[in-house]
Amino acid sequence: MNPTVITRFAPSPTGYFHAGSYRTALFAYIYAKQHLGKFILRIEDTDRERSKKEYEDNIMDSLKWLGLIHDEFYRQSDRGDIYKKYIQKFIDSGQAYVSKETPKEPGGRTEVIRFRNANKKVAFDDLIRGKVEFDTTELGDFVIAKTIDEPIFHLVNVVDDFEMKVTHVIRGEDHISNTARQILIYEALGAPIPLFAHIPLLLAADRSKLSKRNGAVPITEYRKKGYMPEAVINYLALLGWHPADDAEILSFADIIREFSLKRVQKSGAIFDEEKLKWFNRQYLQKLSDQQFIENAETFLPEWMGTKSGTLKRILPLLRDKISSFGEIQQLFGAGGELAFVSNMHEYPPGMLLWKKNPDKTAAKIHLTECKNILEKIKPENFTTEAVKNSVLPYAEIKGRGDVLWPLRVALTGQEKSPDPFVSASILGKDGSLERLDAAIKKCD
Ligand code: GLU
């Protein structure tokens, strides 16, 4: 029987993590789940100066949001005794030794613990990159701990993967050269060497490494912008991997079923927020109105609430316009296309005049006639369709621009807004008539 697959995500909480790290976590998670195995989360915080609780909290929060729920959790700073035991064993057996050092700076360290390197060639079959070989001679006797109580990365990483019975080390390609040292440590432990899969880096649009300087943001920023975790997962999964049939919209369950490390590409994948937006829009459109409102709730203007008539009237428009829920705030905010709904801004009378026929008297006549027409619609029937069917015949006769331009400006006071039929239906009958009255007065 094959041993249970055990994978892990082993972040060092020394900063906020961007999409690249979560894609690595996702691949490790998927691989465990599709083999009915275990996914471990291990916080690698042996670098005490650079590790911070706020980063750890952000990592935990992000994984939870994405739905990458671990089966076991460890924190290296809780495991000092275990590492100490291994270091002592290495020293006792001569596989490591306390080395006298010339301090690099005054008052610097005079002793470290070094691994006795056999100076040989090591090779492994990377599940993505194929055969990888290293000559470890140039590594010399490398440091595995500053003191017996202060182990460093290579040692703790290997001890933990061994103790936690990790079978597949799925991690970023930036660790490929560390694998040589780590294999030497596995051998010294007499431990089985796990399989390695080094995932290619994520790249920015210009193919440079995705980093803070070129667009990489903590993944929680996408939650703030109102992206759906399902869409983010779907997009991350397709960065460097694709299913056999090249389908794009895949549920988490589809991904877990279809995923294969064999189809992870060797070259870097490009992270493109526009593409992520496209995925998010697909997911957002699949929501029922009720689900849409639940997701939109924290982004809707407070005055609107989730049960108002205005929201009901505006919903189709919102569904049509946005790619992420955060865009709702832009639409209603200052300068946004829907700012007029809650706030009628003062606008100059000249704005009411159609550019091809800038005639105040004509504008006044058309606005007055529109008002008469709208007055005849029952408030409960004041829909986009009803407004359109009532006003359009008049506009067809008098000239579309001549009628619809002043009408739209009267309703919204904005250069850019939805068409007058939609705008009127959003405002409702009373709101529309009030604004028409004010506009008619401006034409005197
Ligand atoms: N703690 C390492 C890092 O955050 C990961 C090590 C590994 O996955 O083996 O880069």
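Whatever order the structure lists them in is the order used to number ligands and atoms, beginning at 1.
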Between the side chains of S99 and E101, is a donor N or O closer than 3.5 angstrom to an acceptor N or O? yes

Under 4.0 Å from one or more heavy atoms of E44, ligand 1 contributes atoms 1 (N), 2 (C), 5 (C), 6 (C)

For P11, the ligand 1 atoms with a heavy-atom partner under 4.0 Å come out as 4 (O)

Can you find an N/O atom of A10 closer than 3.5 Å to an N/O atom of ligand 1? yes

If you compare H175, R8, Q182 by their heavy atoms, the one closest to atom 9 (O) of ligand 1 turns out to be R8

Atoms of ligand 1 under 4.0 Å from any heavy atom of R171, numbered from 1 in the order shown, are 7 (C), 8 (O), 9 (O)

for atom 6 (C) of ligand 1, nearest protein heavy atom and its distance come out as N157 ND2, 3.5 Å

Check for me whether the distance between the ring centres of F17 and Y55 falls short of 6.0 Å.
no

Taking the six-membered ring of F9 (Phe, Tyr or Trp), confirm whether the NZ or CZ of R42 is under 6.0 Å from its centre and within 45° of its axis.
-> no

Between L352 and A410 the two heavy atoms that sit nearest each other are CD2-N, 3.7 Å

| request: Applying side chain to side chain contact (heavy atoms under 4.5 Å, CB included), run through F279 and Y227 and close with a yes or a no. | output: CA-CA 10 Å; F279 274 94; Y227 283 84; over 6 Å; no

(message) Any atom of ligand 1 sitting under 4.0 Å from a heavy atom of F9?
(response) no

Near-ring test Y31/H168, centroid separation under 6.0 angstrom: yes

